[in-house]
Amino acid sequence: MAKQLPQIMNIFFFLLLLGAFGEARDPFACDPKDAATANLPFCKVSMPISDRVKDLLGRLTLQEKVRLLVNNAAAVPRLGIKGYEWWSEALHGVSNVGPGTKFGGAFPGATSFPQVITTAASFNATLWEEIGRVVSDEARAMYNGGAAGLTYWSPNVNIFRDPRWGRGQETPGEDPVVAGTYAASYVKGLQGTDGDRLKVAACCKHFTAYDLDNWNGVDRFHFDAKVSKQDIEDTFNVPFRMCVTDGNVASVMCSYNEVNGIPTCADPNLLKNTIRGQWKLNGYIVSDCDSVGVFYNTQHYTSTPEEAAADAIKAGLDLDCGPFLAQHSEDAVNRGLLNENDVNNALGNTLRVQIRLGMFDGEPSSQPFGNLGPNDVCTPAHQQLALEAARQGLVLLKNRGPSLPLSHLRHRTVAVIGPNSNATVTMIGNYAGVACGYTSPLQGITNYARTIHQMGCADVACKDDNLFSGAIDAARQADATVLVMGLDQSIEAEFLDRTGLLLPGRQQDLISKVTAASRGPVILVLMSGGPIDVSFAQNDPRIGAIVWAGYPGQAGGAAIADVLYGTTNPEGKLPMTWYPQSYLSNLPMTDMAMRSSPNRNFPGRTYRFYKGPVLYPFGHGLSYTNFVHSIASAPTVVTLTVDGRHHSGNETISGKAIKVNHARCEKVSIGLQVDVKNAGSKDGTHTMLVFSRPPAGPWVPEKQLVAFSKVHVPAGGQQRVGINIHVCKFLSIVDRSGVRRIPIGVHDLHIGNVKHSVSLEAKVLGVIKT
Ligand SMILES: *[C@@H]1O[C@H](CO)[C@@H](O)[C@H](O)[C@H]1NC(C)=O
Ligand SMILES: *[C@@H]1O[C@H](CO)[C@@H](O)[C@H](O)[C@H]1NC(C)=O
Ligand SMILES: *[C@@H]1O[C@H](CO)[C@@H](O)[C@H](O)[C@H]1NC(C)=O
């Protein structure tokens, strides 16, 4: 068709296209129009990346190099290299946090997916990767239009260790394996899987043991996290390791806090030895924003700024978010604290990533993804995925009666009440961008029923009862009452940890008064990142159902309404434990210990180590149907072969825990076949969680998640699900020295109510000649 158009029309379309793109981006470097630089060796696409890096490093002066060690990297005009802003964010959609991204003009918004804690509740790794793919399409489109960078400092994969943490919402929850799987999946979606080439560069942050923002007078800039070797290996580092080894992430960010007295960004053991040495990061290590300045100015870790710059770079830091390294690295070299070679190593790591992104390949429009533009942002398909993600992430916590789903025939008039009832920006949480548009809960419910809307409280702080009477009247008149309550960024946020777990202000009072007045069923919908102690609502028989929506993203209200009316059968599961308020009574947020300690009355943290009462356990989530498991096939004995260099004879080892390094791990896995029957009357998707309980021993968790899988089962139907559990990776535990070991003996696998025991045996193989 295009061929038949007269030439003039082609030119017209070309101009139209340019207009639509707004500011089409000039090449970052190696501009074919610049004869002086376009043919320099570092511009040669056919040359190996390492040679291009070497060539460029050889042309730069030390002064030029140090200006490239910071997020707003300076231009090098004599080599045809423009300035670059490294700091962009894309936690759950292209974000407007960070100077690298600007909304407006041809890019008024981007698809705003649910906050990560909600997406994590879907337990769907395919969804996590798919969201990453969509976000990076939009990011590349915005980059092409000059509105964003190619380096995104997302995701946040710190363990949600304490329920008060203001940034828990940004994370995939409290379980290391879920967090690591999320990290690897989202990163693959963002970066693409085209060999060494990067679609955009992702970044797993904040390494490590960073999960306190500002609590009881202690903030992240001053916090020294005292962490045992056991907890580091067993909990805090797991998501980062999986992000690097399974996700091939292009960057890791070190955190503000110290770990055992050393700022993470100055610790060679963490950066050089662990991330780069053991895990083999192919990418760059970046500081959190102004971390290096913080450890010099606030933590007084070194006595001069030059020593701080030298310590950071020698520890393995490659890029500073902040000006510090540009200001002090040259003096550090001149004073002999740092070799220029150390600077070259750091810069080589960032240049390699820029080359992998295509930034030294000339015209952006002629490269992969060069065709993406404004029409590829906020597309109907992308917005549909945001809705789908919210549907998969909503968690049905309680359903007495059952009260849900509502019926559009019987519940024709619904009172929609609460400070979050018409929420928009609240639904996208923090590190969000500008959404394409919103469907609030009120709008969503209006698609199913006539609504009477009352805020009940002016905002989530709910300081007074001035608006209560209108809400109570609404509940009296309606066939059903939906209360949309909870938190927002004024209660839990970056630099704002919570002080307790209860609903703020007079929210509980409003819920109780409205409930007492309601004519029809009362449904409580909670928006929050962290858990809320709503024991009163769980125990109140007049409150029929409770739904946790997390922060469900731009389409959250539509997903909530779909769940309330049964168009969507809820399938989400809690990615973190919901504790009662009393849990906090002997739990300083500053105490990093994961394991309980009865002699000091310390309860322990997360479902893996805490044995006390909970409101809702990790993994809790109801459905409108009823799934029944049975094991179709599973081994009862699994034998692990142990290298004879470490154990003598061919004896069977029992009652021991063998070092993973001494076992021949490659092929040892437990293959399970599980039948999932939908015994109810509604089609549904079952989220199957497999836990293991290791043989009793000194270091073992209560139980740990070893696999998860999702399956759609029509009403009355049955599906067989295959699960493979890698023995060394998932059945191992960590001893006090931080060494991973496999306990020999009986491991119990728990799937719902079903338990299956596997006896793990070890056989020593005669000495292997290597
Ligand atoms: C997981 O998410 C993807 C993407 O939305 C979806 O296509 C798939 O059906 C989901 N898996 C299950 C079992 O629901
Ligand atoms: C709900 O929020 C939307 C968007 O902020 C606003 O336009 C609308 O007036 C609100 N509706 C009510 C009933 O307050
Ligand atoms: C152990 O078993 C292997 C193979 O079964 C055999 O070749 C070897 O001689 C045995 N070693 C000892 C010390 O018994």
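In each ligand, atom 1 is the first atom listed, and ligand 1 is the first ligand listed.
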Suppose I only count heavy atoms of N422 and a 4.0 Å limit; which atoms of ligand 2 are within that range? 1 (C), 2 (O), 3 (C), 8 (C), 10 (C), 11 (N), 12 (C), 14 (O)
A side-chain contact here means heavy atoms from C-beta on lying under 4.5 Å apart; do V178 and L705 qualify? yes
Examine ligand 1 and decide if any of its atoms is less than 4.0 Å from a heavy atom belonging to E130. no
Does the side chain of N156 come within less than 4.5 Å of R167's, by heavy atoms? yes
State, without any angle test, whether T424 and S440 hold a side-chain donor-acceptor pair at a distance under 3.5 Å. no
With a cut-off of 4.0 Å, which atoms of ligand 1 are near a heavy atom of K710? 13 (C)
Less than 4.0 Å between atom 2 (O) of ligand 1 and some protein heavy atom, yes or no? yes
Among T119, N124, T568, side chain to side chain donor-acceptor pair (under 3.5 Å) partner for Q392: N124
In the protein, which heavy atom is nearest to atom 13 (C) of ligand 2, and how far is it? H453 ND1, 3.5 Å
Verify the contact flag for atom 9 (O) of ligand 1, where contact means a protein heavy atom under 4.0 Å away. no
Which protein non-hydrogen atom lies closest to atom 14 (O) of ligand 1, naming both residue and atom, and how far is it? T685 CG2, 3.6 Å
Does the separation of the ring centres of Y143 and F369 fall below 6.0 angstrom? no
What protein heavy atom lies closest to atom 5 (O) of ligand 2? Include the residue and the distance to one decimal. T424 CG2, 4.2 Å
Side chains of Y448 and T567 only: does a donor on one sit below 3.5 Å from an acceptor on the other? yes
Enumerate the atoms of ligand 1 whose separation from the nearest heavy atom of E388 is less than 4.0 angstrom. 5 (O)
Check for me whether the distance between the ring centres of H686 and H629 falls short of 6.0 Å. yes
Atom 6 (C) of ligand 1: closest protein heavy atom, distance to 0.1 Å, is Q392 NE2, 4.1 Å
Any donor-acceptor pair under 3.5 Å linking the side-chain atoms of E170 with those of N158? no
Numbered in order shown, the ligand 2 atoms found under 4.0 Å of a heavy atom of L442 are 13 (C)
So for ligand 1, is N124 a polar contact partner (N or O within less than 3.5 Å, distance only)? yes
